Amino acid sequence: MYDIVVIGGGAAGMLAAISGAEHLREQGNTSPRVLLLEKNEKLGKKLYITGKGRCNLTNASDVEELLKAVTVNYQFLYSSFYGFTNGDIVELLEKNGCPTKVERGNRVFPVSDHASDVISALQKELKCQGVKIRLHCPVQELLLEKSEGEYCCNGVKLVSGETVRAKRTVVATGGCSYPSTGSTGDGYRFAEAGGHHIIPLRPGLVPFVTEEEYPKELQGLSLRNVKLTMRQGKKVFFEEQGEMLFTHFGVSGPLVLSASAYLPEPGKGRQKAVSVTGEIDVKPALSEKQLDERILRDFDGAKNKAFKNALDGLLPKKLIPVVIQMSGISGEKKVHDITREERQGLVQMLKGIPFTVAGVRGFSEAIITKGGVSVKEIDPGTMESRLVKQLHFAGEVLDLDAVTGGYNLQIAWSTGYAAGIGAAR
């Protein structure tokens with residue numbers, strides 16, 4: 001009989017095992033029996049690919065700022081975010097030989113820029129805490145038993161047929177994003193077996209597919225310091241400045257991924273009939289008047305040039321043909337023949353290049369999963385189920401998500417830590 005069994009060796013699962021073993025020892029259990037089960041051949045498989053392999057492990061902003069970055073159920077995270085902070089995960093990693101650094105936007109990375117160093121540090125701590133790890137060990141189902149009219153969880157049954165009994169069980173199986181890393185939605189099945197409600201699953205932090213074809217012409221072009229405004233009908237639901245990328249199917253990059261976190265749920269109420277559109281301001285530092293003056297200065301020095309040859313100083317080369325087409329001004333037209341109205345139309349277009357969202361890419365390209373186990377059925381202090389005793393949940397399997405920048409991993413660390421402590425009580 002184990003004290004705690006944790007299903008899933010990702011960020012949340014490793015923290016749950018670490019904190020569970022540590023807390024049991026603090027309570028006087030000199031040799032806690034904590035088992036970490038992972039279906040893959042190694043721990044932290046999804047961590048290896050986060051931040052393009054560099055692992056944006058948290059964000060260095062204060063806790064209140066972290067909570068503001070959470071787009072769904074942020075109130076649920078107050079207890080866990082304050083119980084295990086961004087400073088705590090940094091301290092844990094650095095203690096185990098993984099120094100960190102802070103970059104633009106308060107993003108925290110390992111100094112080495114290698115996600116493998118984060119995982120090595122966590123493995124070192126797991127070993128230090130005496131956690132037993134079993135790899136290649138998929139779980140078939142939870143051992144749910146009814147006692148005095150209430151369900152309780154007494155461990156797990158493995159796909160191999162083996163039964164593993166435990167006083168407490170933590171489900172930290174991740175979501176459906178990047179299924180190649182083993183995130184195949186097992187946790188939702190386990191949760192439903194215990195009567196939990198699953199908020200519908202959608203890809204989160206995911207690129208947009210556009211109705212327009214012009215992004216395909218711009219494939220590979222990255223724009224820095226642009227402002228993206230997203231609207232549903234007339235209502236603005238996202239507006240931020242940063243970096244974005246054009247692709248063969250639409251738009252991607254940090255700005256777009258963050259915008260997708262706020263994307264209205266399709267088909268909810270009247271939303272199905274209202275289109276979602278975006279506008280890219282390629283010169284957000286300039287007002288329309290200032291941009292017009294800048295274009296006038298450029299035009300003054302190129303009066304006898306064709307319009308298509310007069311934008312080099314203003315725009316990336318790849319963007320110029322698309323802008324010319326959208327402006328409605330002939331590329332062959334001499335600059336001195338361009339009217340005031342045409343120039344002002346160009347200014348307005350550069351302050352809001354439009355696109356229409358036709359959809360989003362799938363789970364295979366999504367950084368996180370939106371939706372999951374309803375947090376109304378989970379105790380925010382211990383992460384224990386309100387429906388099934390001795391069963392805890394942590395990480396992406398829960399209906400919690402945030403924008404890009406290290407916030408989602410902080411959700412995993414904090415809820416994992418809380419689940420471990422809760423399971424050790």
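Excluded from the calculations below are hydrogen atoms, water molecules and symmetry mates; all remaining heavy atoms, backbone and side chain alike, are included. Fair warning: this is a prediction, and the values are worked out from it, not measured in the lab. Heads up: numbering here begins at 1 and tracks the sequence.
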Check this for me: does any side-chain nitrogen of one of [X] and [Y] sit under 4.0 Å from a carboxylate oxygen of the other?
X: K146; Y: E150; answer: no
X: K45; Y: E41; answer: yes
X: R231; Y: E279; answer: yes
X: E65; Y: K68; answer: yes
X: R224; Y: E243; answer: yes
X: E145; Y: R165; answer: yes
X: E288; Y: K283; answer: no
X: R168; Y: E384; answer: yes
X: D3; Y: R33; answer: no
X: E125; Y: K95; answer: yes

Closest non-hydrogen atom pair between [X] and [Y], with its separation:
X: L263; Y: V276; value: CD1-CG1, 3.8 Å
X: V131; Y: A17; value: CG2-O, 3.6 Å
X: L201; Y: G371; value: CD2-C, 3.8 Å
X: C55; Y: L47; value: SG-CD2, 4.0 Å
X: T210; Y: P215; value: OG1-CG, 3.5 Å
X: V72; Y: V70; value: O-CG1, 3.3 Å

Could you tell me if R361 sits above the aromatic ring of F249, with its cationic atom closer than 6.0 Å to the ring centre and no more than 45 degrees from the axis?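 Output yes; distance and angle both within limits.
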Is K42 close enough and on-axis enough to Y48, meaning under 6.0 Å and within 45°, for cation-pi?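 Satisfied, under 6.0 Å and within 45°.
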Distance-only donor-acceptor check, side chains [X] and [Y], under 3.5 Å:
X: S385; Y: E377; result: no
X: T247; Y: Q219; result: no
X: S120; Y: D117; result: no
X: N154; Y: Q390; result: yes
X: K46; Y: S177; result: yes
X: K39; Y: T184; result: yes
X: N73; Y: D399; result: yes
X: E38; Y: N40; result: yes
X: R425; Y: Q27; result: no
X: D186; Y: T173; result: no
X: T415; Y: S80; result: no
X: T100; Y: E94; result: yes
X: T229; Y: E239; result: yes

How long is the gap from [atom1] on [X] to [atom2] on [Y], to the nearest 0.5 Å?
X: L387; Y: H197; atom1: CG; atom2: NE2; answer: 11.5 Å
X: S252; Y: E365; atom1: OG; atom2: CD; answer: 8.0 Å
X: I421; Y: H23; atom1: CD1; atom2: NE2; answer: 5.0 Å
X: I367; Y: E396; atom1: CD1; atom2: CD; answer: 10.5 Å
X: R134; Y: L35; atom1: CZ; atom2: CG; answer: 6.5 Å
X: Y417; Y: I89; atom1: OH; atom2: CD1; answer: 11.0 Å

Taking the side chain as every heavy atom from C-beta outward, state whether [X] and [Y] have any pair of such atoms under 4.5 Å apart.
X: L126; Y: L36; answer: yes
X: L400; Y: F76; answer: yes
X: R25; Y: N29; answer: no
X: T277; Y: F355; answer: no
X: V139; Y: V171; answer: no
X: L143; Y: K157; answer: yes
X: H196; Y: E192; answer: no
X: D281; Y: V226; answer: no

Side-chain donor or acceptor of [X] paired with backbone N/O of [Y] under 3.5 Å:
X: N86; Y: T58; result: no
X: K351; Y: L286; result: yes
X: D88; Y: T85; result: yes
X: E212; Y: T356; result: yes
X: D113; Y: F109; result: no

Taking it one step at a time, do T71 and K370 satisfy side chain to side chain contact (heavy atoms under 4.5 Å, CB included)? CA-CA 10 Å; T71 54; K370 291 180 76 70; 4.2 Å; yes
Could you walk me through whether L15 and F84 pass side chain to side chain contact (heavy atoms under 4.5 Å, CB included), step by step? CA-CA 10 Å; L15 255 291; F84 189 78; 3.7 Å; yes
Hey, is [atom1] on [X] packed in by over 12 heavy atoms from elsewhere, all under 6.0 Å?
X: K101; atom1: NZ; result: yes
X: K318; atom1: NZ; result: yes
X: E211; atom1: CD; result: yes

Give the C-alpha distance, both sets of side-chain angles, the deciding distance and a yes or no for side chain to side chain donor-acceptor pair (under 3.5 Å) between S327 and E342. CA-CA 8 Å; S327 72; E342 285 176 325; over 6 Å; no
Run L319 and L218 through side chain to side chain contact (heavy atoms under 4.5 Å, CB included) and show every step you take. CA-CA 7 Å; L319 187 59; L218 300 173; 3.7 Å; yes
Going through the checks in order, is the side chain to side chain contact (heavy atoms under 4.5 Å, CB included) test met by H392 and T169? CA-CA 6 Å; H392 303 252; T169 302; over 6 Å; no
Mutual orientation of the aromatic rings belonging to Y78 and Y74 [parallel < 30°, tilted 30-60°, perpendicular > 60°]: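 The rings of Y78 and Y74 sit tilted, inter-plane angle from 30° to 60°.
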